[in-house]
Amino acid sequence: MKEVRTRFAPSPTGYLHVGGARTALFNYLYARAQKGKFILRIEDTDQVRSTEESYKQVIDSLKWLGYEWNEGPEVGGPHGPYKQSERLDLYKNYATQLISEKKAYPCFCTADELDRKKKQREAMGLPYVYDGKCRNLSEAEVAEKKAAGHEHTVRFRTPAKEVVVEDIVQGTVRFDTALIGDFIIVKSDGFASYNYAVVVDDHLMDITHVIRGVGHLSNTPRQIMIYQAFGWSEPKWAHVSEIVGSDHKKLSKRHGATPITAFRDLGYTARAFNNYMALLGWSSPDGREYMPIAEQKALFDIARCSKSPAMFDVFDLAKAAEVDLAQVPIAELETYLFTKSKLNWLSNQHIRATEDNEFIREILPFVRNTKVVPDAECNENNERLREILLSLRVYLDTLGQIKKYLADFYLPFEPRSADYVSSEYFQAENFSSLAKTFLRLIEQMADSSGGDTLVPDKIKEAINQVGKELGVKGKPLFMGLRLASTGRLEGLELPIYLALLGKQRVTERLSRMIALKETAVPQG
RNA sequence: GUCCCCUUCGUCUAGCGGUUAGGACUCGGGAUUUUCAUUCCCGCAACAGGGGUUCGAUUCCCCUAGGGGACGCCA
């Protein structure tokens, strides 16, 4: 059987967002599932809007997502070049062929003229189709206009018929070409238009499956006609559902057309983000949702893709109203995320599943970014930092969230009244004695082991010791000591928490809490 | 306006003529965790509406409503 070849063909006229990224993912996954090739092609025939900066950003996003292309920019391949702007001669030659076969013709209508006609039709409530003014120009007329220096485009001579699109996702869809008319395949600047260039490229690059958003379905009959004009066999079509924002509308800047790089900067792993995107319009045969990409590569099939649009539901619209989510800085963007989204849940699952060293390596840049941990301590070999990060990982939906937790371990202790004033454990009569006894034991512990190190097992013993000495047990004992030694009502398992804080910080907190208690409840 | 597509719990979805309409996230309740989180149970929650076809429609057909897309010298 013929090798499957898919492609992703972005135009460098903006950044990559979920819509495009998901299309790239599906192409990539399908190629891998079929043991085929994934090709990247840059469609930069729009001279006005294409930019180098945008190109770099798109490539950057694709690399982060991990879609290794077998052929394309940077890696090359036997069907290059992979930028349309470098394939101009190809388009020109094939266009010449079509013209000589009378399947296409030069058109000298000006943009203004066409615009006027279009507006007239619209005013009458009629659909606009090119009227064919230049369709039957004689060779002499053409030569004359060219000689006179008139600019021209090249139009495809659309035959009157019905074009049938056989689509893997959409099924059989029929189009009447009368509604299409003679469309432009070469622009007056000499560049190929999209519908024409894709066909030439897809054919020459031997693309077997065209997987893209349904938005392109109505372009497909035009492309099929071109395949037929050349006598080329068409690829298999697969038009997958579009992705909509939380407002049920097409992804707009306000509602979710956020650059992929923003999610990277927020601290989502590419693994989690890919997992989430794969679920937008596709489902695994056995219904599993949390899935390493390796399994997606094995299981993915366009035949299991849904026709109905999927919602990219990760933003809290109530909070994000009136905000351009594509523009806000990362720190602010975070506040507009729906914290209980499936994306976050998946992200947390992936963070937990990450191998320890890998996890540390990935999170370190985010740790540095907090500026909370001294630069000198920000390295993979720092045992204490390592322990802290590893203990905290279950709490993280994104790597960026680490900043919420790190201050407690690295910054000077700040008691929060909300944690203790109305707490029954703080109000308890024995709070002070609990704290003092614990403080004494902790200090002794430090004496015997030396340095700042606390050992979880020893702390456990000390807790029991406090209970025995004061005749306290159960919740009052544990919660009282938690509050007294950490100043917090929540957190890691106490012995581990304290060991990670270290002797110095624990004794300091105990003293502070004792002082607070004494100010709050004067002697007597 | 014309053409095309879509419509199952709030969200992602399974389903491809006969199911108590299943799962996941969220939410609610409970158990465990002497804290929060985790984990584990239990629960709430859907076939857009109306006509057909059929012994039987979530599933097939038509209409309506809602949504999306195309109708570019943009891709």
> Looking for any heavy atom pair under 4.0 Å, which part of the strands does A:Ser308 touch: base, sugar-phosphate only, or nothing?
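Sugar-phosphate only.
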
> Side-chain contact test, heavy atoms from C-beta onward, threshold under 4.5 Å: evaluate it for A:Pro73 versus A:Tyr55 and give yes or no.
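In contact.
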
> Does any non-hydrogen side-chain atom of A:Phe366 lie less than 4.5 Å from one of A:Thr398?
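A side-chain contact under 4.5 Å is absent here.
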
> Going by modelled atom types, is there a donor-acceptor pair between the base of B:C12 and the side chain of A:Lys342 at under 3.5 Å?
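Yes, the side chain and the base share a sub-3.5 Å donor-acceptor pair.
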
> Please tabulate the protein-to-nucleotide N/O contacts below 3.5 Å involving nucleotides 63-69 of chain B, giving atom names and distances.
| unit_1 | atom_1 | unit_2 | atom_2 | d |
| --- | --- | --- | --- | --- |
| B:G69 | O2' | A:Gly215 | O | 3.4 |

> Quick one: label A:Arg41 by what it contacts on the DNA or RNA (base, sugar-phosphate, nothing), any heavy atom closer than 4.0 Å.
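Nothing: the residue A:Arg41, judged by heavy atoms under 4.0 Å, touches no strand.
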
> Name the nucleic acid region contacted by A:Thr13, choosing base, sugar-phosphate or nothing; use a 4.0 angstrom heavy-atom cut-off, strictly under.
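If one applies the 4.0 Å heavy-atom cut-off, A:Thr13 turns out to touch nothing in the nucleic acid.
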
> Using both distances under 3.5 Å as the test, list the Watson-Crick or G-U wobble partner of B:U39, or none.
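Per the H-bond distance test, B:A31.
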
> Output the single nucleotide from B:C5, B:G23, B:A75 whose closest atom is nearest the side chain of A:Glu289.
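Between B:C5, B:G23, B:A75, the one nearest the side chain of A:Glu289 would be B:G23.
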
> By the 4.0 Å heavy-atom rule, please label A:Leu492 as base, sugar-phosphate, or nothing.
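Base, at least one base atom sits under 4.0 Å.
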
> Assign A:Ala111 to base, sugar-phosphate, or nothing according to its heavy-atom contacts below 4.0 angstrom with the strands shown.
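A:Ala111: base contact, heavy atoms under 4.0 Å.
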
> Among A:Arg135, A:Arg155, A:Lys103, A:Arg157, find the one that has a salt bridge (charged side-chain N to carboxylate O under 4.0 Å, His left out) with A:Asp182.
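Of all the options given, the one that passes is A:Arg135.
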
> Using a cut-off of 4.0 Å on non-hydrogen atoms, how would the nucleic acid contact of A:Glu493 be classed: base, sugar-phosphate, or nothing?
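Base: the residue A:Glu493, judged by heavy atoms under 4.0 Å, touches a nucleobase.
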
> Using a 4.0 Å heavy-atom cut-off, does A:Tyr395 contact any base of the nucleic acid, only the sugar-phosphate backbone, or nothing at all?
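Since a base atom lies under 4.0 Å of A:Tyr395, the category is base.
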
> If you assign A:Met479 and A:His152 each to the RNA chain B nucleotide with the nearest heavy atom, which residue ends up on the more 5' nucleotide?
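The residue mapped nearer the 5' terminus is A:Met479.
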
> Taking only the side-chain nitrogens and oxygens of A:Lys118, find out if one of them lies under 4.0 Å from OP1 or OP2 of B:G1.
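For A:Lys118, the contact criterion (side-chain N or O under 4.0 Å from OP1 or OP2 of B:G1) is not met.
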
> Quick one: label A:Arg49 by what it contacts on the DNA or RNA (base, sugar-phosphate, nothing), any heavy atom closer than 4.0 Å.
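Since a base atom lies under 4.0 Å of A:Arg49, the category is base.
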
> Only pairs with both distances under 3.5 Å count, Watson-Crick or wobble alike; so what is the partner of B:U54 in this structure?
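Across all strands, not a single nucleotide pairs with B:U54.
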
> Quick check on B:G10: is either OP1 or OP2 less than 4.0 Å from any side-chain nitrogen or oxygen of A:Lys340?
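Checking A:Lys340 against B:G10: no side-chain N or O falls below 4.0 Å of OP1 or OP2.
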
> Hey, does A:Thr110 reach any base, or is it just sugar-phosphate, or nothing, if we go heavy atoms under 4.0 Å?
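Base contact.
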
> Base, sugar-phosphate alone, or nothing: which one does A:Asn219 contact when heavy atoms must sit under 4.0 Å apart?
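It contacts base atoms.
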
> By a strict heavy-atom criterion of less than 4.0 Å, which residues belonging to residues 166-175 of chain A are in contact with RNA chain B?
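A:Gln170, A:Val173, A:Arg174 - these, ordered by number, are the residues of the stretch whose heavy atoms sit under 4.0 Å from the strand.
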
> Using a heavy-atom cut-off of 4.0 Å across all strands, would you classify A:Cys305 as base, sugar-phosphate, or nothing?
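Nothing, no nucleic acid heavy atom in range.
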
> What pair of heavy atoms forms the shortest contact from A:Glu295 to A:Arg288, and how long is it?
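Residues A:Glu295 and A:Arg288, closest heavy atoms: OE1-NH2, 2.6 Å.
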
> What integer distance in Å separates A:Tyr128:OH from B:A70:P?
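Going from A:Tyr128 (OH) to B:A70 (P), I get 18 Å.
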
> For B:U2, which nucleotide is its Watson-Crick or G-U wobble mate, given both distances must be under 3.5 Å?
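With both distances under 3.5 Å, B:U2 matches B:A70.
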
> Residues two or more places apart in sequence or in another chain: which of them pass ring pair (Phe, Tyr, Trp, His ring centres under 6.0 Å) with A:Phe108?
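Only A:His152 meet the ring pair (Phe, Tyr, Trp, His ring centres under 6.0 Å) criterion with A:Phe108.
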
> If only side-chain N and O atoms of A:Lys473 are considered, is one of them under 4.0 Å from the OP1 or OP2 phosphate oxygen of B:U34?
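So the side chain of A:Lys473 is outside the cut-off, no N or O lying under 4.0 Å from OP1 or OP2 of B:U34.
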
> Would you say a side-chain N or O of A:Ser306 is under 4.0 Å from OP1 or OP2 of B:C12?
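For B:C12, OP1/OP2 do not have a side-chain N/O of A:Ser306 under 4.0 Å.
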
> May I ask you to say what A:Leu489 touches in the nucleic acid, namely base, sugar-phosphate or nothing, with a heavy-atom cut-off under 4.0 Å?
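Base contact - A:Leu489 has a heavy atom under 4.0 Å of at least one base atom.
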
> Looking at A:Arg304, does any N or O in its side chain come under 4.0 Å of the phosphate oxygens OP1/OP2 on B:G15?
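True: A:Arg304 side-chain N/O within range (under 4.0 Å) of B:G15 OP1/OP2.
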
> So A:Lys475 and A:Arg482, do their side chains get closer than 4.5 Å, heavy atoms only?
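A:Arg482 vs A:Lys475: side chains apart.
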
> Any base atoms under 4.0 Å from A:Gly281, or only sugar-phosphate, or nothing? Heavy atoms, all strands.
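Answer is sugar-phosphate: A:Gly281 comes under 4.0 Å of backbone atoms only.
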
> Heavy atoms, side chains only, cut-off 4.5 Å: are A:Met205 and A:Tyr82 in contact?
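In short, these two side chains touch, coming nearer than 4.5 Å.
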
> For a quick check of understanding: with a heavy-atom distance under 4.0 Å over all strands, which category does A:Ser188 fall into, base, sugar-phosphate or nothing?
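If one applies the 4.0 Å heavy-atom cut-off, A:Ser188 turns out to touch a base.
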
> Distance check needed: B:C4 P versus A:Glu162 CD, whole Å only.
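Interatomic distance, CD of A:Glu162 to P of B:C4: 10 Å.
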
